[in-house]
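Following: one structure in structure tokens, then a few remarks.
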There are 2 protein chains.
Amino acid sequence: MVADESSARSPQKNTGRSKPARRVRLSQKAIVAAAAELFARNGFGATSLDEIAERLGATKGALYYHIKNKEDILRHIYLTVLTASEEPLAEIAASSASPAEKLGRAIIHHATVAANRSPAMTVFYREHPHLTGPFAREIVVRKKVYERYFEQIIEEGQAAGVFTREIDAKIATFGLLGMCNWLSQWYQPGGPYTHQQIAAMFVRMVEQGMLTPPAITE
Amino acid sequence: MVADESSARSPQKNTGRSKPARRVRLSQKAIVAAAAELFARNGFGATSLDEIAERLGATKGALYYHIKNKEDILRHIYLTVLTASEEPLAEIAASSASPAEKLGRAIIHHATVAANRSPAMTVFYREHPHLTGPFAREIVVRKKVYERYFEQIIEEGQAAGVFTREIDAKIATFGLLGMCNWLSQWYQPGGPYTHQQIAAMFVRMVEQGMLTPPAITE
DNA sequence: TACAGTTTTGAACAACTGGTAGAAAGATAC
DNA sequence: GTATCTTTCTACCAGTTGTTCAAAACTGTA
């Protein structure tokens, strides 16, 4: 058998980048925030309560004073994302701006959430199968409602003749949501562009496209 | 309740959607395919070798004749995705088509891979932290090379004046890769559009944008 | 038939999992 | 000081995890 570097039967000590356990006062919020980072990096199933506790400089037992169980942490992460997302979008949709203006603002809003809540966002789109019971169903519904806002803005624009009918509203929605959600995979605050600048480019791209207008020949 | 022959009195409770263990001849390929589906649904860390074996109608021990260890399965999934992705894109990039034509074909190619290899694709963008050693680094490199093709096509178009310079080539790449990758989150073969149709709409959206040209007033 | 090679089994293992109980410690107010 | 309430720790449980391995079952073929 070949000695292989990668599977050196590790007693599984440090999984890479875990922080040196700063001792912060424990709270539900702190637990949820720390867990979000770990879930985002390693996945819900591969993150133990011991790891979460260690990162907070506490022990597993202490966590249970603040949370009900592991899934409870996950639920709080989902609620965090939803509360940050839903209301602003509803306001944009209900405003009296033009469809193009609305769509632009909606994209900027969504991209901002994706960029700011990065770990929670990653978890949001990854760990849904680990939610159980009525809460799981509720999330599905609220996610659909959220998407529906985008669809409606686009349909509104199509009805007004400012958006092309060649692109289905649902498909367009999935497309631009994917564009924004993907941010949480690569965006890092230190980079060459702010998330506002990136969002603006996305808007420009989705609305006017990348092709320059053909030169007018007369 | 339907009498299920294959799992008569299994002490193992059925975890929801697992298939009734069709007894297929075990092979590396079969293991990797089954694992990809399970990893995609529940995550690498939350999927046990028992589950993979059960779905194949075999026992955990038998897997080890075909694979080195759990991470080895993950490695094969990554290779599957890369071999399906890299070469066709390289050919498109090297072709003599126009930048707009190339970009269109590249998007269609990528969307097709995302739609067809759905479970493997989902795993590909999710489970990278569970790869270790040189292989993990190799994947990062090859992923970057892959993205670089898109960037180059866009830069080429910008240099030729057919793509706008208002959108950074890197950002545009991330945007449209996100759009395509998101497919694996929602696309289902039975839906109202084929993946070709969806890809075509994406191309239309990215190239010309959603806004209809303003009416010419004289 | 017998034999060799391939494949699968089933049990064993050490480490780790989410979760619990109660003692211990820390606060706070009197 | 005492009393009370809040928070954290230690130790433990029962179940599951990835992995190993000798024995068994299967395969083809001479």
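Lettering follows sequence order; numbering is per chain, from 1.
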Exercise for review: May I ask you to decide whether A:Lys60 forms a salt bridge with A:Glu54, counting only side-chain N to carboxylate O separations under 4.0 Å?
Suggested key: no
Review point. Nearest-Å distance, NE2 (A:His130) to P (C:dT17)?
Key: 15 Å
Review point. Which residue pairs pass the salt bridge (Lys or Arg N to Asp or Glu O under 4.0 Å) test when at least one of the two sits in residues 144-153 of chain B, sequence neighbours left out?
Key: B:Arg148-B:Glu151, B:Arg148-B:Glu155, B:Glu151-B:Lys170
Point to revise | Row check, B:Phe150 ring normal vs B:Lys102 NZ/CZ: under 6.0 Å, within 45° | key: no
Point to revise | Interatomic distance where CG belongs to A:Asn42 and C1' belongs to C:dT17 [whole Å] | key: 15 Å
Point to revise | Length of the CD-C1' vector between B:Glu51 and D:dG18, whole Å | key: 13 Å
Practice item. Could you tell me how the ring of B:His109 sits relative to the ring of B:Tyr146: parallel (under 30°), tilted (30 to 60°) or perpendicular (over 60°)? Key: tilted
Check your understanding: Does anything in residues 129-141 of chain A pair up under salt bridge (Lys or Arg N to Asp or Glu O under 4.0 Å), and if so which pairs, sequence neighbours excluded?
Key -> A:Glu138-A:Arg142
Protein and nucleotides 18-26 of chain C: nitrogen or oxygen contacts under 3.5 angstrom:
residue: C:dG18; atom: OP1; partner: A:Thr47; partner atom: O; Å: 3.3
residue: C:dG18; atom: OP1; partner: A:Lys70; partner atom: NZ; Å: 2.9
residue: C:dG18; atom: OP2; partner: A:Leu49; partner atom: N; Å: 2.9
residue: C:dG18; atom: N7; partner: A:Lys60; partner atom: NZ; Å: 3.0
residue: C:dG18; atom: O6; partner: A:Lys60; partner atom: NZ; Å: 3.4
residue: C:dG19; atom: OP2; partner: A:Tyr64; partner atom: OH; Å: 2.6
residue: C:dG19; atom: OP2; partner: A:Lys70; partner atom: N; Å: 2.9
residue: C:dG19; atom: O5'; partner: A:Tyr64; partner atom: OH; Å: 3.1
residue: C:dG19; atom: O6; partner: A:Lys60; partner atom: NZ; Å: 2.7

Review point. Is any side-chain nitrogen or oxygen of B:Thr59 closer than 4.0 Å to OP1 or OP2 of C:dT8?
Key: no
Review point. Can you check whether B:Trp182 reaches A:Tyr125 side chain to side chain, under 4.5 Å on heavy atoms?
Key: yes
Check your understanding: Judged by modelled atom types alone, do B:Tyr78 and B:His128 share a side-chain donor-acceptor pair under 3.5 Å?
Key -> no
Exercise for review: Quickly work out the B:Ile52 CD1 to D:dT19 P distance and round it to whole Å.
Suggested key: 10 Å
Check your understanding: Using a distance-only test with no angle check, is there a side-chain donor-acceptor pair under 3.5 angstrom linking B:His130 and B:Glu71?
Key -> no
Exercise for review: Quick one: sort the B:Trp186 and A:Phe174 rings into parallel, tilted or perpendicular, breaks at 30° and 60°.
Suggested key: parallel
**Study point:** Terminal axes of the helix from C:dT1-D:dA30 to C:dC30-D:dG1 (five pairs each): angle between them, nearest 10 degrees
**Key:** 0°
Point to revise | Other residues, nucleotides, ligands: >12 heavy atoms within 6.0 Å of A:Arg105 CZ | key: yes
Distances under 3.5 Å between nitrogen or oxygen atoms of protein and nucleotides 3-7 of chain D:
residue: D:dT7; atom: OP2; partner: A:Tyr65; partner atom: OH; Å: 2.6

Exercise for review: Can you sort out the partners of A:Arg126 under side chain to side chain donor-acceptor pair (under 3.5 Å), two or more places apart, ordered by chain and number?
Suggested key: none
